[in-house]
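For the single chain, residues carry numbers from 1 onward in sequence order. Heavy-atom basis, side chains included; hydrogens, waters and symmetry copies ignored. Remember, predicted model here, so these are calculated numbers, not experimental data.
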Amino acid sequence: MKTFAILLSFTFLTFLSSSAQSDLKKSGSTFAGGCSATYTYNASGAWVDFTADVVDSTWSYDWDFGDGNTGSGSMGFNFYQASGTYNVCLTVTDTSNNCTSTFCDSITVVIPVCNSTFTYTTDSTGTYYFQAQPDTGGFQYFWDFGDGNFTQGDSAANLFQTSGSYYVCLYTNDSVNGCNSSFCDTLDVFVPVNCSATFFTFPQNGSATFIVQGMNPGMTYQFDFGDSTTGAPNNFGFVMHNYPAGGVYNVCLNVIDSASGCTSSFCDTIVVPACVISADFVVTNLPNGQIKTDALQAGFQYQFTWLILPSPDDTLVTGFGRDTLTHTFTSNGLKTVCLQVTDLLSSACRDSICKFVMVSGIGIEEYNQLNSSFSLYPNPSNELLNIRYSLDDQKTVSVTITDLTGKAVLRTENEKALAGEHTTSINIEELASGTYLLQLQAGDLTINRKFTKN
C-alpha cells in the first residue's frame, strides 16, 4: 500500500503547474537591509508550491510550511495531509551584505474528496473482473489485488492462482483537484481445481519407487502397480513397491478431488530389472545454497541420472560417468535429490535412491545489505537520476528502466563493481513524463524501485 501512496503523491505533483483550479495569491512586500522575503504561492488541493518574489543566486532561502515540514531554495513544494489554515514563513539571508528578512502569511488548504468503490464478476477460469464505481473521466485508478499483482485503469482483471481470501484495494486520484481516496474489500476467491497428475519412476532390483509430480495435499492419490495390487503415496508423494519378479508392468496413478468432483488417471509402462545393483550417494552442503553429490557406485559401465526437486529447482541431469553433481539452489527449504544408476551393459538393470536435503540462508544477508544501502534520488527528477548502493564483494552490475507496461526504455551495460559504496548517475532527460520502474541487478541480487520523471 505504501507503493501506491508514493505513486499517487508523485502523480499529484506532475499536474501542479497546469492545474485549472489553482489558487494564486501574492503576499505583501517586506524589505530588511536590501533582501526581500516576499513570496507567491499556487494551491491545488493538498499540493501547494511557493516561489520567492526576488531570486538572487547569492541568497539562501528557508521555508517553514506551518505543518512541521520545511524546505530550502527559492521554490518550495509541500503536500498537506489535511485541510486547514497554515502560517507559512520564508526567511531570506544575504550573508555578503549581512541582511536577513523573514515574511509569514496564512494560507488556506482545501482537500477535495473523490470516493470510489468497485464491483466485480468472475468466470469459470478463476479470473475476476473489476469495475470502478463511479467511472469518472479524468480520474486515475490503481488496483492492489492482495496477491502481489498490481495494475491501473477504471477496469481491471486478475487471475488468482489459489483459492482463499484476498484483500483487494482500489486507489482513486483526481490529479486536477489534488483529490485521492481508497476503498478495500475482502474477496473469498475459489479457483477451479485441475486434478491431473503424472509420476516419475525409478525401477530397481525387484521393486520400483514412484514419485508423484504436481501433488496437491487436498486430493486423493492411488497407484495401481500393474500386478493386481494398489497403494497410496506418502505426504511427500513417494511410494515404493516390491514386485514378485522382474518384468514389464503397466502402472496407473488415479487422482480424485472430492471437493470439486475432479478425477484423472495417468498410466505408464515400467520395466522392473532382475539384476542386482545398488544405488547410493553422499551429499555435501556448500556455501551460497550449493550442494555437491558423490555416487558410491563405481564402474565404467554405469550411467548416472540425477533428479533435483521441487520447482523452481527442477533439474534432470543424465550422462555417462556423471558420478558427481554440483547444483546451486535458488530458494531455501527442503529439497529432494534422487540418483538412478543404470548398467549400460544391461539396459534393464538399474537402481535408484532419493534423499532429502535442507537448504537455508540463500542470499538473505547479502540482499538485506544491498537493500538497506540502496537509495534513488532526486525522486521526482527531470534530468539526472542518482543511484547509491553498497556491495560486500565484486559483482557485475546493470540498470534497466521500464515503463508501467514492462517495456524497457533505458538500459546500462554490465559493469564490474568492486566491494564498497557506489554512486552512479543516469540521464533520463529524454524520457517522457510519467512513472517508471528502475531495476538494479548486482550479480544474483535484484532491487526494484519506482520513480517519477517530471
Side-chain angles (χ1 to χ4, degrees), residues 1-22 43-49 67 69 77-84 109-122 127-161 164-189 376 379-381 401-407 432-439 448-454:
M1 293 178 67
K2 290 183 178 178
T3 303
F4 278 105
I6 295 173
L7 179 61
L8 292 177
S9 298
F10 291 161
T11 307
F12 297 155
L13 183 57
T14 307
F15 291 88
L16 283 177
S17 61
S18 62
S19 174
Q21 300 181 18
S22 295
S44 180
W47 278 103
V48 183
D49 65 302
D67 62 347
N69 293 335
F77 303 91
N78 193 46
F79 180 78
Y80 290 89
Q81 300 298 321
S83 300
V109 175
V110 178
I111 303 176
V113 178
C114 48
N115 292 325
S116 291
T117 60
F118 61 79
T119 57
Y120 63 90
T121 58
T122 186
T127 301
Y128 280 70
Y129 302 90
F130 299 88
Q131 177 63 54
Q133 298 290 341
D135 181 5
T136 305
F139 281 15
Q140 291 179 300
Y141 301 92
F142 303 89
W143 302 86
D144 178 353
F145 299 112
D147 62 349
N149 292 331
F150 306 90
T151 191
Q152 58 181 321
D154 56 351
S155 61
N158 189 57
L159 175 60
F160 294 92
Q161 299 300 315
S165 295
Y166 295 89
Y167 197 58
V168 179
C169 291
L170 169 64
Y171 301 88
T172 306
N173 165 230
D174 176 8
S175 55
V176 175
N177 296 305
C179 162
N180 65 92
S181 69
S182 63
F183 174 78
C184 300
D185 194 10
T186 300
L187 270 64
D188 293 322
V189 174
L376 190 66
N379 192 355
S381 175
I401 296 177
T402 62
D403 60 22
L404 293 182
T405 68
K407 178 184 177 181
S433 298
T435 301
Y436 295 87
L437 178 67
L438 181 142
Q439 181 183 85
N448 295 286
R449 291 289 188 276
K450 284 186 177 180
F451 72 91
T452 299
K453 165 61 167 58
N454 282 341

For Y166, which of Y128, F160, W143 qualifies under ring-ring contact (aromatic ring centres under 6.0 Å, His included)? F160
For residues L187 and F118, report the shortest heavy-atom separation together with the two atoms involved. CD1-CE1, 4.5 Å
Mark yes or no for whether S155, through its side chain, and F130, through its backbone, hold a donor-acceptor pair below 3.5 Å. no
Any side-chain heavy-atom pair of R449 and F451 under 4.5 Å: no
Once you round to the nearest 0.5 Å, how far does OG1 of T119 lie from CG of D185? 11.0 Å
Below 4.5 Å, heavy atoms only, C-beta onward: do L437 and K450 meet side chain to side chain? yes
Please report the interatomic distance OH(Y80) to CG(D67), rounded to the nearest 0.5 Å. 5.0 Å
Quick one: are V48 and N78 in side-chain contact, heavy atoms under 4.5 Å? no
Under a 4.5 Å cut-off applied to non-hydrogen side-chain atoms, are F139 and D154 in contact? no
Minimum heavy-atom distance S116-P134, with the two atoms named: OG-O, 4.3 Å
Working to the nearest 0.5 angstrom, can you tell me the gap between C184 SG and D144 CG? 7.5 Å
Test applied, side-chain contact (heavy atoms from CB on, under 4.5 Å); reference residue, F145; option that passes from V189, L159, V168: V168
With a 4.5 Å limit on heavy-atom distance, are the side chains of T452 and N379 in contact? yes
Output for pair (L170 CG, Q131 CD), nearest 0.5 Å, gives 10.0 Å
F183 versus T117, closest heavy-atom pair with distance: CD2-CA, 3.7 Å
Donor-acceptor pair, distance only, cut-off 3.5 Å: does the side chain of S433 make one with the backbone of N454? yes
Step-by-step side chain to side chain contact (heavy atoms under 4.5 Å, CB included) determination, Y141 to D135: CA-CA 9 Å; Y141 301 92; D135 181 5; 4.1 Å; yes
Could you state the interatomic distance from SG (C169) to CZ (F150), rounded to the nearest 0.5 Å? 10.0 Å
